[in-house]
Amino acid sequence: MINDLWYKNAVVYCLSVETFMDSNGDGIGDFQGLQRRLDYLAGLGVTAIWLMPFQASPGRDDGYDVSDYYNVDPRYGTLGDFVEFTHGAKQRGIRVLIDLVVNHTSDEHPWFKEARADKTSKYRDWYVWSRTKPKNASEGMVFPGVQKSTWTRDTHSGEYYFHRFYDFQPDLNTANPLVQAEILKIMGFWIQLGVSGFRMDAVPFVIAEKGADVKKPKEYFDMLRAFREFLQWRKGDSIILAEANVVPRENMQYFGHDGERLQMMFNFHVNQSLFYALASADTRPLARAMRDTEKLPRTGQWGVFLRNHDELDLGRLSKNEREAVFSAFGPDEDMQLYDRGIRRRLAPMLGGDIRRLKLAYSLMYSLPGTPVLRYGDEIGMGDDLSLPERNCARTPMQWSNEPQGGFTKGQKPVLPLISQGPYGYENVNVAFQRRDSDSMLNWTERMIRMRKEAPEIGWGTCTVIDCQDPGVLIMRYEWRENVVVIIHNFHDKPVEISFSLNNKGNPGMLIDILDGHDSQATGTYEHHIVLEPYGFRWYRAGGLDYLLKRSEV
Ligand code: GLC
Ligand code: CA
């Protein structure tokens, strides 16, 4: 079981081929470049790579507008290069997940071109049409402020087509059985080329009822079961990791009560209250979010993240909480996006304070679930707010202090490198940090090792232990008689805390698995600990030799 459910104790690294490494000097990252960096990723210790969209695309939404699901965009290489890459990853024990963007296609996809050119085309019903402009056309936009409507008139056929996202992303009619069959075919294709599963884009919209008269869309959850069953027939250990920012009471609908639907979902709920905790040193909403998302089927798992390629969406916080996060981490208008979020990278959000960054990442590695880090996080990369919308946090990877950060030998990178200033590639890059034993990079490598060696976090049950101070979060994990205790201080000042674990049969010794700060309980099983400002501890109860106790089945 432990080895079969590989995603329970994985460390996922998300990257975009386009901005990771350019091998041929045209300024665009490619699969051959990525291939050359596989040993870097293996050295970091990640066990899975999530590739953002790389299929053929006009690239108007960073590849989330696909025009051919069965091909690599020629700018990134060929299908041959892709298979070399998945093979190379496999040789190093790294799995590959890829984005599956099937809520919509690009308006340049041949299906849409045919559908709009000819009302009798077999592809007409692959999209969602209305003869007249629906009343709710100006509701439900995902990109308010940039996107004007969810229905746009198609000049060819004179009818309106539905698009949940930008107008160049017509929604697929996912209720159409032929579309569903095509989605399976797409999954089957990439599975055959060596991937271990999919990060499925915009899942609530994929399964939502779509149409001009739909007021309160029903959700077709059974579709998820069909996806999962198909995947398991084709390749038993492949998974779907859903992007679904939904309220906790809906979670089990996505996982399925017996785990018959999706294996993983990103925990957007915990993500938002985690940022509130970082902003306010109040961990109570975070503890609540953890409780609200505690229930999972046995095979289910959360994806835990800090920042991703999109804006930090704060839409589910209360107004006061949201304002606290905006004022701490994104006070200026150009740091904010779509009336609900912050578009910056984490390092500048936290003012480059290494103590706070480590606190945040230590949390990401230790909250219930599987951590998903984003390329560049391991060196503390910054953002470029002069770039539009979410592009500010999608700049090329900073490998060295060579021109263009070592990302390309060419003159014109696909997006400008961050240069000059505290986050410029001249200062922040892999080559420098590799030589510095105190660097963020080497610290990250160590944290990833710790996370993998603490399977209690991925597998066990988590309880938040009370310590009277809302600025301190104590998590106690238990799995197969092993206990791991993880403590984070959100205050900018040192704190002294007391807590009790009440471990049956536990000698009361907590061994620090990161540093040398062991803690011996008093006769009444109380621990007294002093934490530095933004300090944290990872403890194992009993002794270090947990591996002896751990059984492998
Ligand atoms: C998801 C992606 C986002 C993209 C959108 C439309 O939200 O994360 O980047 O723009 O879907 O595909
Ligand atoms: Ca290239």
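Every value quoted in this text rests on a predicted model; they were computed, and no experiment measured them. When a residue number appears, it is its place in the shown sequence, counting from 1. When reading the values below, keep in mind they use all heavy atoms of this one structure, side chains included, and skip hydrogens, waters and symmetry mates. When a ligand or atom number is given, it counts from 1 through the structure's own listing order.
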Over 12 non-hydrogen atoms of neighbours within 6.0 angstrom of [atom1] in [X]:
{"X": "K210", "atom1": "NZ", "answer": "yes"}
{"X": "Q192", "atom1": "CD", "answer": "no"}
{"X": "E139", "atom1": "CD", "answer": "yes"}

Does a salt bridge link [X] with [Y], judged by any charged N lying under 4.0 Å from a carboxylate O?
{"X": "E159", "Y": "R124", "value": "yes"}
{"X": "R261", "Y": "D222", "value": "yes"}
{"X": "E311", "Y": "R340", "value": "yes"}
{"X": "R307", "Y": "D377", "value": "no"}

With heavy atoms only and a cut-off of under 4.0 Å, state how [X] meets ligand 1: side chain, backbone, both or neither.
{"X": "F143", "result": "side chain"}
{"X": "R394", "result": "side chain"}
{"X": "M52", "result": "neither"}

Dump the intermediate steps for salt bridge (charged side-chain N to carboxylate O under 4.0 Å, His left out) on E18 and R75, then the final yes or no.
CA-CA 8 Å; E18 186 180 72; R75 293 173 309 152; 3.7 Å; yes
Which residue and non-hydrogen atom of the protein lie closest to [atom], and at what distance in Å?
{"atom": "atom 9 (O) of ligand 1", "value": "D310 OD1, 2.7 Å"}
{"atom": "atom 7 (O) of ligand 1", "value": "E243 OE2, 2.9 Å"}
{"atom": "atom 10 (O) of ligand 1", "value": "D61 OD2, 2.6 Å"}
{"atom": "atom 5 (C) of ligand 1", "value": "F165 CE2, 3.6 Å"}

Those atoms of ligand 1 less than 4.0 Å from some heavy atom in H104
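Checking each atom against H104, I get 6 (C), 12 (O).
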R390 heavy atoms within 4.0 Å reach ligand 1 at atoms 3 (C), 4 (C), 9 (O), 10 (O)
Output every pair passing salt bridge (charged side-chain N to carboxylate O under 4.0 Å, His left out) with a member in residues 381-399, not counting sequence neighbours, ordered by first then second residue.
D61-R390, D62-R394, D310-R390, D310-R394
Taking the inter-plane angle between the rings of Y13 and F20 on a 0 to 90° scale, is it parallel (under 30°), tilted (30 to 60°) or perpendicular (over 60°)?
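Because their plane-to-plane angle is over 60°, the rings of Y13 and F20 count as perpendicular.
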For W399, does the six-membered ring have the charged nitrogen or CZ of R37 within the cation-pi criterion, i.e. under 6.0 angstrom from the centroid and within 45° of the normal?
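Verdict for W399: a cation-pi partner in R37.
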Among V102, N245, D201, which one has a heavy atom closest to atom 2 (C) of ligand 1?
D201
When you measure from the heavy atoms of M200 to every atom of ligand 1, does any distance fall below 4.0 Å?
no
Protein-derived N, O or S atoms lying under 3.0 Å from the Ca ion (ligand 2), waters excluded
5
